[in-house]
Undergrad: 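My questions will all concern the structure given below.
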Amino acid sequence: ADCFCQDATINISWINAPASEFVARSKEMAAKRKPGTHLKHVFASPLVRIEVKRAFSICHVNLESRDEIDGHAVDLRVWFRFFDLLRKEEDGKWRIHNRTAVYEKDRIDPVDPRGVPAALFANMDLSGFVPATRYLSWYVARMGFKPRTDMVTVYSQEEQTLKRRSDVWLRGEAV
């Protein structure tokens, strides 16, 4: 929670809200996680532009998760980037003012394809999900959360808007 500004917002696959709500709901999700389920975010080195007390960062992220579907282990993998607007606060610490995920692609695979029934994925309804995040959205829905359908994806107009917004932010203007 301390990495966010008081007025921070976050826009990712399952929430577009104040960061404080993201933190609370993340704790809720963690409490629901079944034993044996693994979830990891792997971050690459960020590209950061700094102008006095404001900064913009792009960081590539891989989300990796292992879970079970009908007793069969599966791996979910998602590729995306975080576009972060950062601000140096009065206490001298840099914090995230806004974080938006820009999604590239995802996939879900059986860990051991031997013995996996052909019908394991046959009933997986992916309709209505953003193509770049269809398996992530299905997974989030399976956990009991409502996946979003308005996520930002690579090469989209929304991504271009985020890039322009970063320049506005660095000039010290409101976004």
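Keep in mind it's a predicted model, so treat the numbers as computed, not measured. Side chains included, hydrogens not; waters and symmetry mates left out as well; all remaining heavy atoms used.
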Undergrad: Out of curiosity, does Leu39 fall in the hydrophobic cluster containing Val23 (side-chain heavy atoms, cut-off under 4.5 Å, transitive links)?
TA: yes

Undergrad: Tyr103 side chain to Val78 main-chain N or O, any donor-acceptor pair under 3.5 Å?
TA: no

Undergrad: Measure the CH2-CZ distance between Trp14 and Arg25 for me, rounded to the nearest 0.5 Å.
TA: 5.5 Å

Undergrad: If hydrophobic clusters are built by linking Ile, Leu, Val, Met, Phe, Trp and Tyr wherever their side-chain heavy atoms come under 4.5 Å apart, do Phe82 and Trp79 end up in the same one?
TA: no

Undergrad: Under a plain distance cut-off of 3.5 Å, with no hydrogens placed, do Thr100 and Asn98 share a side-chain donor-acceptor pair?
TA: yes

Undergrad: Would you give the length of the straight line joining atom CG of Leu76 to atom OH of Tyr135, rounded to the nearest 0.5 angstrom?
TA: 10.5 Å

Undergrad: Would you call Arg81-Glu159 a salt bridge at under 4.0 Å N-O?
TA: yes

Undergrad: Evaluate the side chain to side chain contact (heavy atoms under 4.5 Å, CB included) criterion for residues Phe83 and Val152: first the C-alpha distance (whole Å), next the side-chain angles of each, then the deciding distance (0.1 Å), finally the verdict.
TA: CA-CA 11 Å; Phe83 280 50; Val152 180; over 6 Å; no

Undergrad: Below 4.0 angstrom, N of the basic side chain to O of the carboxylate: do Arg49 and Glu51 qualify?
TA: no

Undergrad: Heavy atoms only: give me the nearest Ala174-Val168 pair and the separation to one decimal.
TA: O-CG1, 3.6 Å

Undergrad: As an exercise, state the distance from CG of Asp150 to OG of Ser13, rounded to the nearest 0.5 Å.
TA: 11.0 Å

Undergrad: Would Arg164 and Thr161 count as having a side-chain donor-acceptor pair, cut-off 3.5 Å?
TA: yes

Undergrad: Do the ring planes of His41 and Phe43 sit parallel (below 30°), tilted (30 to 60°) or perpendicular (above 60°)?
TA: tilted

Undergrad: Identify the two heavy atoms, one from Phe80 and one from Leu63, that lie closest to each other, and give their separation to 0.1 Å.
TA: CE2-CB, 3.9 Å

Undergrad: Should Arg107 and Asp75 count as an ion pair when the cut-off is N to O under 4.0 Å?
TA: no

Undergrad: I want to check something: taking the side chain as every heavy atom from C-beta on, are Asp7 and His97 in contact at a cut-off of under 4.5 Å?
TA: yes

Undergrad: Taking it one step at a time, do Gln6 and Glu89 satisfy side chain to side chain contact (heavy atoms under 4.5 Å, CB included)?
TA: CA-CA 10 Å; Gln6 283 291 100; Glu89 301 284 85; 5.6 Å; no

Undergrad: Would you indicate whether the side-chain heavy atoms of Cys59 and Asp84 approach each other to under 4.5 Å?
TA: no

Undergrad: Output, in order, the C-alpha distance, side-chain angles, deciding distance and verdict of side chain to side chain contact (heavy atoms under 4.5 Å, CB included) for Val140 and Arg148.
TA: CA-CA 10 Å; Val140 167; Arg148 296 183 46 237; over 6 Å; no

Undergrad: Measure across Ile10 and Ala19 and return the closest heavy-atom pair with its distance rounded to 0.1 Å.
TA: CG2-CA, 4.3 Å

Undergrad: Under a 3.5 Å distance rule, please check whether Ser65 uses its side chain to pair with a backbone N or O of His38 as donor and acceptor.
TA: yes

Undergrad: So do the side chains of Phe4 and Pro18 get within less than 4.5 Å of each other, counting heavy atoms only?
TA: no

Undergrad: Got a donor-acceptor contact below 3.5 angstrom from the Arg95 side chain to the Asp2 backbone?
TA: yes

Undergrad: Taking all non-hydrogen atoms of both residues, which atom of Ser166 and which atom of Leu85 are closest, and how far apart?
TA: CA-CD2, 4.0 Å

Undergrad: Spell out, yes or no, whether Trp169 and Leu47 are grouped together once hydrophobic residues are joined by side-chain heavy atoms under 4.5 Å, including indirect joins.
TA: no

Undergrad: How many angstroms lie between CZ in Arg165 and CZ in Phe56, if you round to the nearest 0.5 Å?
TA: 10.0 Å

Undergrad: Counting heavy atoms not belonging to Lys53, are there more than 12 under 6.0 Å from its NZ?
TA: no

Undergrad: Hey, does the side chain of Arg77 reach the backbone of Asn62 with a donor-acceptor pair shorter than 3.5 angstrom?
TA: no

Undergrad: Examine Val111 and Trp138 and state if one hydrophobic cluster contains both, with Ile, Leu, Val, Met, Phe, Trp and Tyr joined whenever side-chain heavy atoms are less than 4.5 Å apart.
TA: no

Undergrad: Looking only at heavy atoms, which two atoms of Met151 and Ser137 are closest? And how far apart?
TA: CE-OG, 3.7 Å

Undergrad: Is there a donor-acceptor pair under 3.5 Å between the side chain of Asp91 and the backbone N or O of Lys93?
TA: yes

Undergrad: Roughly how far apart are His72 NE2 and Leu120 CG, rounded to 0.5 Å?
TA: 5.5 Å

Undergrad: Is it the case that atom NZ in Lys34 sees more than 12 heavy atoms from other parts of the structure closer than 6.0 Å?
TA: yes

Undergrad: Look at the side chain of Arg54 and the backbone N and O of Glu173, then say whether any donor-acceptor pair between them is shorter than 3.5 Å.
TA: yes

Undergrad: How far apart are the closest heavy atoms of Pro131 and Asp106, and which atoms are they?
TA: O-OD1, 4.1 Å

Undergrad: Hey, what do you get for CD1 (Ile69) to CD1 (Ile108), rounding to the nearest 0.5 Å?
TA: 4.0 Å

